[in-house]
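What follows is one structure encoded as structure tokens, with my remarks underneath.
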2 protein chains.
Amino acid sequence: MPSTVIEDYLKAIYELQTEYNGARVRTSQIADYLGVTAPTATSMFSTLESNGFVEYEKYNGAVLSEEGERVALRLVRNHRLLETYLTAEFGYRLSDVHDEADRLEHHISDRFAACLADELGDPTTDPHGAPIPTSSLDVPERPRGEKLSAFDEGETVVVLEVDDRDEELLEYLSSRQVVPETELTIESVAPFGMITVRPPGHDDSVSLPDDVARLVRGTSVMDSDGTHI
Amino acid sequence: MPSTVIEDYLKAIYELQTEYNGARVRTSQIADYLGVTAPTATSMFSTLESNGFVEYEKYNGAVLSEEGERVALRLVRNHRLLETYLTAEFGYRLSDVHDEADRLEHHISDRFAACLADELGDPTTDPHGAPIPTSSLDVPERPRGEKLSAFDEGETVVVLEVDDRDEELLEYLSSRQVVPETELTIESVAPFGMITVRPPGHDDSVSLPDDVARLVRGTSVMDSDGTHI
DNA sequence: ATTATTGATTAGCCTAATCTAATTCTAATG
DNA sequence: CATTAGAATTAGATTAGGCTAATCAATAAT
């Protein structure tokens, strides 16, 4: 059984690999992502390689092996089930679940995970809109939409997913209804990378700088004439 | 924040200290209890001392400091809340909860523990009959009874507590109703350290060797003439 | 084609937690 | 009170995971 540290690396590699459509993940990306130094990441990549969790080429990053992906997906499943359970059963807010889930994901048994899933009726997405891998570690296919920064003025967009890592950001977004399943109207897209949206029932609109808008994904439901696509 | 390893030592010291009415705990006891070698325990005792978790005298064991006890009690609380939750909400059996709780106790937040307690209605004992420390870490006073090995033939005893560490034993005992709150009749006490009890509704009686009977605690409810004490 | 810049790796060290082997202490016994 | 068995400690090594400083590779720019 891999250590929780190794698990963290594998999950991080998985997240980055997924974000960049399967591209090789470089040591520096992981160093950044996990907040370790570059040499630490390099040395861990060798360890992962020699344990069969990744295929690593010097100076050219790594990709997960099947086994590495299995480990990562189990963590992702645990994490997202925990997040769902915490919000559904214990009244955690969207912005509170990440840290708790990030610790516990390493330590719950498959049985515990199954209990959570069962209690929740085998959910396929977590409260941030991310897909929950099944117990056999298949990731449910699901439209992932586009980054919010990719839409045009006048479009109506339904939010599909919000990144779960930045607590303060989540607090900001969820207090303004920028959460999965709400419809947003794109009010304006400024050339300097600022997008303004209006949630339903809110008179105030919400302005998001580009790098924030990239953490929210949605899909267009109607064009500017009000007709469904 | 202490490492989970340090937490394990502190909890172990707490358990032994409690079992032996506050006596100093020696390195060898801990080595046994945690399955490490004697030098490892010795070296950890120094570490614990220099971190202010215990008062340690060479060749004379250690006692928990206030801070050490606080850490231990928090773990005990988490452990017992988890055990209670797992049996009450997820249908774990008495014999299944220990390992899961032993891992998770280190990683749940106080908030998570509070949610468990809340959901369970602030229970004061776990399913093995052990007291659950409150959120301010007071241990509810509760009659701890006597070891089963201390009773005489003919007595009727209500089980108060069963040790939670040996999975197989627990499975054996709980399949035969030797669990908290059942009344047992002491059928015989053999001189070579074997006690035989009969649970209600069981025609078969259960024989327990001395070292097993020491892990079950109970209190006498009536003497051999059938009168309550 | 050579050089500069950036990114990655190697070398060497540190701490926590463990071990085995050797030594030293304590307590009990004659 | 001297001896000795058993416990406890010290000495020294190992492994995992991290760091800094120094070196090396790959790419981009002259």
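Lettering of chains follows the sequences in order, A, B, ..., and the numbering in each one begins at 1. Everything quoted here is computed from the prediction, not taken from an experiment.
- Counting any heavy atom pair closer than 4.0 Å across all strands shown, A:Y56 reaches sugar-phosphate atoms only and no base atom.
- Screening B:T4, B:N78, B:D8 for a side-chain hydrogen bond (donor to acceptor under 3.5 Å, both in side chains) involving B:H106 leaves a single residue, B:D8.
- At least one donor-acceptor pair under 3.5 Å links the side chain of B:Q17 to the backbone N or O of B:L64.
- Applying the ring-ring contact (aromatic ring centres under 6.0 Å, His included) rule to pairs touching residues 46-70 of chain A yields A:F45-A:Y56, sequence neighbours excluded.
- Counting only N and O atoms by type, the side chains of A:T40 and A:S43 include no donor and acceptor under 3.5 Å apart.
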Donor-acceptor list for residues 137-152 of chain B side chains, cut-off 3.5 Å, not counting sequence neighbours:
residue: B:R142; atom: NH1; partner: B:G129; partner atom: O; Å: 2.8
residue: B:R144; atom: NH2; partner: B:E161; partner atom: OE1; Å: 3.3
residue: B:R144; atom: NH2; partner: B:E161; partner atom: OE2; Å: 3.3

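- One finds a salt bridge joining A:E67 and A:R70 here, because a Lys/Arg side-chain nitrogen approaches an Asp/Glu carboxylate oxygen to under 4.0 Å.
- Contacts of B:T42 with the nucleic acid, taken as non-hydrogen atoms under 4.0 Å apart, include base atoms.
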Listed pairs under 3.5 Å, donor-acceptor, residues 88-95 of chain B side chains, sequence neighbours left out:
residue: B:Y92; atom: OH; partner: A:F112; partner atom: N; Å: 3.4
residue: B:Y92; atom: OH; partner: B:E100; partner atom: OE1; Å: 3.0

Pick out the pairs of N or O atoms, protein on one side and nucleotides 2-4 of chain C on the other, that lie under 3.5 Å.
none

Check the interface with nucleotides 18-28 of chain D: list each N/O to N/O pair with the protein under 3.5 Å, or write none.
residue: D:dG18; atom: OP2; partner: A:Y9; partner atom: OH; Å: 3.1
residue: D:dC19; atom: OP2; partner: A:T37; partner atom: N; Å: 3.0
residue: D:dC19; atom: OP2; partner: A:T37; partner atom: OG1; Å: 2.9
residue: D:dC19; atom: OP2; partner: A:T40; partner atom: OG1; Å: 2.5
residue: D:dA25; atom: O4'; partner: A:Y59; partner atom: OH; Å: 3.4

Return all side-chain donor-acceptor pairs below 3.5 angstrom for residues 168-175 of chain A, not counting sequence neighbours, or 'none' if the list is empty.
residue: A:S174; atom: OG; partner: A:L170; partner atom: O; Å: 2.8
residue: A:S175; atom: OG; partner: A:E171; partner atom: O; Å: 3.3
residue: A:S175; atom: OG; partner: A:Y172; partner atom: O; Å: 2.8

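- Within the 4.0 angstrom heavy-atom criterion, no nucleotide atom of any strand lies near B:T47.
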